[in-house]
**Q** 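I have a structure I would like to understand better, so I am pasting it below and will then ask my questions one at a time.
We use all heavy atoms of the structure for the numbers below, so side chains are in, but hydrogens, waters and symmetry mates are not. Everything numeric here is computed off the predicted structure, so don't read it as measured data. Here is the naming used below: chain letters follow the sequence lines, and residue numbers restart at 1 for every chain.
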Amino acid sequence: MDEQRPQTEGGVRDLYALLKRRGYLWPSFEIYGGVAGFYDLGPLGSLLRENVEALWRSKFVLEEGFQLVDCPNITPEIVFFHSGHLDKFSDVMVSCLECSRPFRADHLLEGGPGTDPALIARLFRDRGIVCPDCGGALSEPEEFNLMFSTRIGPGSDKRGYLRPETAQNIFINFSNLYRHARSRLPFGAAQIGRGFRNEISPRQGLVRLREFHMAEGEFFFDPLVEGFAPFSRYRDTMVNLVPASSPDATLRMDLGTAVEDGTITSEVLAHFMGATASFATSLGIAQERTRFRQHLPSEMAHYARDCWDLEISTSYGWVEMVGIADRSAYDLTQHSKGSGTDLSAFRRFDEPKVIEGTRLVPDMKVLGPIFRGRAREAGEIISSMDPSSAGSAIGEGIRIEIDGQHYDVPDNAYRIESFRDVVHQERFVPNVIEPSFGMDRLMFAILEHSYFEDPNRAEEGESGKVEPYRILRLDPGIAPVKCGVFPLLNREDLSRIARDLDADLRRQGLQTNYDASDSIGRRYARMDEIGTPFCATVDHDSLKDGCATIRERDTQMQKRIPLKDIPAIVKRMVGGEKTFSDM
RNA sequence: GCGGAUGUGGUCUAGCUCGGUAGGACCGUAGCUUCCCAAGCUACUUGCCCGGGUUCAAAUCCCGGCAUCCGCACCA
């Protein structure tokens with residue numbers, strides 16, 4: 001084919017122009033000049049996003065069984081205090097007054113000065129710190145937090161933030177989710193929603209936004225359990241890997257081998273890399289334009305122990321679309337400590353563990369009169385004592401300490417008992433693998449990869465300027481409009497049939513676009529430009545044979561199909577059950 | 001946040017040097033044509049990024065802001 005995928009910067013601009021012209025996306029707040037880092041999705045963009053999200057739900061909620069939740073965007077400060085975001089997403093910045101280079105203040109100071117700008121300002125003055133580049137004087141330190149802040153409630157000083165990731169809602173709901181999962185591991189929870197980051201300089205269109213759509217899954221599992229049975233589904237999946245150990249080489253191998261040779265550290269991690277690769281394929285992203293790159297230790301987020309990004313090749317270069325992070329037990333541990341709520345799960349033993357030994361049993365009847373209000377506390381201390389270390393004391397009385405006071409405990413206040421306990425389970429904090437998807441970036445990659453210009457079908461304007469024929473070869477499953485519906489001629493008898501067909505298609509849940517204006521070729525061109533995979537045209541023969549012509553976008557092939565069968569057939573082709581050539 | 005470039009209907013652009021009625025193409029709308037791959041004809045809608053200044057007069061010159069692109073920095 002002579003069609004070209006534009007790789008140039010100009011090509012991306014043409015694509016953005018098309019997306020804006022055809023109602024996929026518009027810069028937000030445009031009539032007031034716009035604000036960087038915000039985009040509105042137009043009618044087609046909204047449908048596209050719904051379709052991408054629906055595929056994500058079918059992959060992760062239906063197929064992987066993740067529990068879907070939906071939680072507030074506004075989050076009280078304490079959550080991010082304990083998750084570490086308050087600290088890690090806040091930087092105190094200074095810049096050189098001479099050469100205007102910005103620096104993170106803590107990079108210029110020894111010994112972790114914290115995030116108080118006043119304290120840092122004093123340290124800078126005391127130590128006479130100047131610009132490490134040119135020796136110029138430095139500006140006053142200023143705090144910059146990547147999270148948008150707000151206040152919760154009027155007149156309240158309860159600070160809140162717009163969440164920078166959706167994950168925290170799931171972690172703090174762990175107990176509810178665990179109970180809902182009938183207290184069994186492993187299980188996953190997912191959220192599709194918005195995230196907010198007050199980026200210093202958002203750029204590159206949909207790639208770096210201040211408010212963006214994300215879909216995140218948190219998969220909770222027991223790290224002591226070896227292997228992961230569902231991984232068999234992706235064991236043979238071939239992927240491109242760029243491990244941290246050889247950041248300049250791309251290895252092509254199947255996930256099973258990658259786990260065996262230690263390139264990927266666990267089957268759970270590899271499983272979700274496989275699920276991610278499969279999801280990308282279902283979006284119509286070509287395998288050869290994807291790779292998984294492992295983070296270098298220096299680029300890991302504060303919560304991550306290991307992380308593989310799915311990167312997709314775009315005209316901006318390789319762009320991170322999905323982060324698959326091993327968050328270990330970090331978040332649950334932090335929130336458990338921070339809230340005082342137990343966020344652990346039970347590990348059931350295959351064979352119950354039998355623990356035999358001896359222990360001290362206090363006799364509260366004796367302790368009561370001696371310790372009075374402190375009797376319960378004394379009893380607890382005694383039962384927690386180890387009889388073997390207390391052994392020598394037995395028969396001689398034992399000493400305990402309450403609030404710094406020492407007491408002798410008489411021999412008749414306790415007895416030694418041997419016991420045999422059968423333990424079936426123990427508590428532990430589950431580990432987490434998190435696949436986190438940047439939906440806007442994925443949409444951009446899908447659009448860019450499906451954008452083609454065909455110079456052979458170019459249209460020449462009067463000024464001699466050549467407008468290429470533009471096609472979005474979107475996968476039928478995610479295309480916002482599934483079928484264009486046209487009467488060949490704008491005549492009452494034809495348009496009545498076409499309108500009926502249009503209504504039938506919509507009743508089948510298929511988004512259509514009815515169009516009777518201009519020439520038939522122009523109408524096909526319009527549909528090609530917004531990525532509509534099929535068009536149905538009613539012509540004079542339809543009056544006699546009850547058929548219409550179905551035309552396929554990518555091949556321009558046409559077939560006659562009975563009107564009454566068209567909705568079901570289009571639905572099957574959109575669902576991927578049949579192809580056009582099967583008809 | 002710094003430096004550079006840029007900002008004209010929905011889109012692409014001419015005009016800016018040298019101030020004087022903002023022009024074209026595409027897209028869109030309505031009609032004609034009655035038509036299976038952007039045909040043609042007619043009519044129409046829509047614009048100088050925002051604010052201030054200079055001037056008789058500003059798309060044009062000056063100042064400030066905002067936005068976009070590139071580089072630096074930041075960020076995942």
Side-chain angles (χ1 to χ4, degrees), chain A residues 9-10 12-14 16-23 26-38 42 88-89 91 93-104 107 133 139 142 144 146 164-165 195 197-205 207-208 210 212 214 293 295 299-304 307 309 311 319-323 325 436 438 441 454 457-471 484 486-491 494 516-529 535-541 548-553 556-558 560:
Chain A
E9 214 177 283
V12 189
R13 264 209 295 280
D14 283 351
Y16 273 108
L18 183 157
L19 297 177
K20 190 176 172 187
R21 176 159 41 89
R22 293 298 186 184
W26 300 310
S28 298
F29 319 113
E30 204 180 5
I31 66 167
Y32 287 111
V35 181
F38 297 94
K88 301 294 179 181
F89 268 59
D91 291 332
M93 304 291 296
V94 293
S95 56
C96 174
L97 297 171
E98 301 289 326
C99 67
S100 73
R101 274 181 79 96
F103 299 97
R104 277 178 58 176
H107 286 177
D133 265 24
S139 68
E142 265 183 82
F144 188 81
L146 241 36
E165 58 170 4
R197 291 179 194 179
N198 204 356
E199 296 283 353
I200 295 169
S201 58
R203 280 190 194 167
Q204 303 175 316
V207 170
R208 201 134 139 238
R210 288 188 165 125
F212 46 95
M214 44 199 333
R293 193 178 67 82
H295 279 202
E299 57 184 342
M300 214 85 78
H302 67 274
Y303 47 72
C307 187
D309 283 346
E311 296 185 330
V319 176
E320 168 197 349
M321 300 279 163
V322 185
S436 169
R441 290 178 172 192
D454 186 348
R457 292 162 76 190
E459 185 188 41
E460 203 166 324
E462 264 178 34
S463 57
K465 201 180 162 214
V466 177
E467 286 291 317
Y469 195 95
R470 301 191 168 95
I471 311 177
F486 318 139
L488 183 60
L489 310 177
N490 197 8
R491 259 174 22 193
L494 299 188
S517 71
D518 293 311
S519 70
I520 188 72
R522 182 173 296 274
R523 285 177 259 167
Y524 285 144
R526 273 198 279 257
M527 289 299 103
D528 286 347
E529 211 171 57
C535 293
T537 303
V538 174
D539 58 21
H540 355 62
D541 293 337
T549 305
I550 301 290
R551 175 257 195 192
E552 189 190 33
R553 176 193 65 206
Q556 296 180 256
M557 301 269 282
Q558 301 190 340
R560 296 286 291 177

**Q** With both distances under 3.5 angstrom, what nucleotide forms a Watson-Crick or G-U wobble pair with B/rU55?
**A** none
**Q** Taking B/rG23 as the reference, what is the distance to B/rA59 when you measure between their C1' atoms (whole Å, please)?
**A** 13 Å
**Q** For the pair made of CD in A/Glu529 and P in B/rU11, what is the distance, rounded to whole Å?
**A** 14 Å
**Q** So, A/Asp309 side chain and A/Glu311 main chain: donor-acceptor pair closer than 3.5 Å or not?
**A** no
**Q** What's the OH-P distance between A/Tyr32 and B/rG7, to the nearest Å?
**A** 25 Å
**Q** With a non-hydrogen cut-off below 4.0 angstrom, is A/Arg197 in contact with a base, only sugar-phosphate, or nothing?
**A** sugar-phosphate
**Q** Using a cut-off of strictly less than 4.0 Å, decide whether A/Lys20 has a side-chain nitrogen or oxygen near OP1 or OP2 of B/rU11.
**A** yes
**Q** On a plain distance test, is the side chain of A/Arg553 in donor-acceptor contact with the base of B/rC37 below 3.5 Å?
**A** no
**Q** Distance check, C1' atoms only: B/rU34 and B/rA39, in whole angstrom units.
**A** 13 Å
**Q** Side chain to side chain donor-acceptor pair (under 3.5 Å) for A/Arg526 and A/Ser517? Distances and angles first, verdict last.
**A** CA-CA 11 Å; A/Arg526 273 198 279 257; A/Ser517 71; 3.0 Å; yes
**Q** If you take atom types as modelled and just measure distance, does the side chain of A/Tyr524 reach the base of B/rC36 with a donor-acceptor pair under 3.5 Å?
**A** yes
**Q** Counting side-chain heavy atoms from C-beta on, which of B/rA76, B/rU11, B/rA67 comes nearest to A/Val35?
**A** B/rA67
**Q** Taking B/rA57 as the reference, what is the distance to B/rG71 when you measure between their P atoms (whole Å, please)?
**A** 43 Å
**Q** If you measure from the P atom in B/rC27 to the same atom in B/rA22, how many Å do you get, rounded?
**A** 26 Å
**Q** Mind calculating the distance between CZ (A/Phe486) and P (B/rC37) to the nearest angstrom?
**A** 13 Å
**Q** Considering only atom P, compute the distance from B/rC50 to B/rG10 and round it to an integer number of Å.
**A** 12 Å
**Q** Please tell me if A/Ser519 has a side-chain N or O lying less than 4.0 Å from either OP1 or OP2 of B/rC35.
**A** no
**Q** Starting at CG of A/Asp539 and ending at P of B/rC37, how long is that distance when rounded to a whole Å?
**A** 12 Å
**Q** Taking the side chain as C-beta and beyond, is there a heavy-atom pair between A/Leu18 and A/Glu529 under 4.5 Å?
**A** yes
**Q** For atom C1', what is the distance between B/rC61 and B/rA76, given to the nearest Å?
**A** 45 Å
**Q** Determine: side-chain N/O of A/Arg522 to OP1/OP2 of B/rC27, distance under 4.0 Å, yes or no.
**A** yes
**Q** Measure CZ/A/Arg13 against C1'/B/rC69 and give the value in whole Å, please.
**A** 7 Å
**Q** Using the C1' atom in both, what is the distance from B/rU11 to B/rG47, to the nearest Å?
**A** 12 Å
**Q** Does B/rU17 have a Watson-Crick or wobble mate here (both distances under 3.5 Å), and if so which one?
**A** none
**Q** Find every protein N or O atom lying less than 3.5 Å from an N or O atom of nucleotides 29-34 of chain B, and list the pairs.
**A**
none

**Q** Roughly how many Å is it from CZ in A/Arg523 to C1' in B/rA39, rounded to a whole number?
**A** 13 Å
**Q** For A/Asp14 and B/rU11, give me the distance from atom CG to atom P, rounded to whole Å.
**A** 13 Å
**Q** To the nearest Å, give me how far apart CG (A/Asn198) and P (B/rA76) are.
**A** 14 Å
**Q** In this structure, which one of A/Arg293, A/Met300, A/Glu320 forms a side chain to side chain contact (heavy atoms under 4.5 Å, CB included) with A/Cys307?
**A** A/Met300
**Q** Provide the distance between the two C1' atoms, one in B/rC16 and one in B/rU33, to the nearest whole Å.
**A** 43 Å
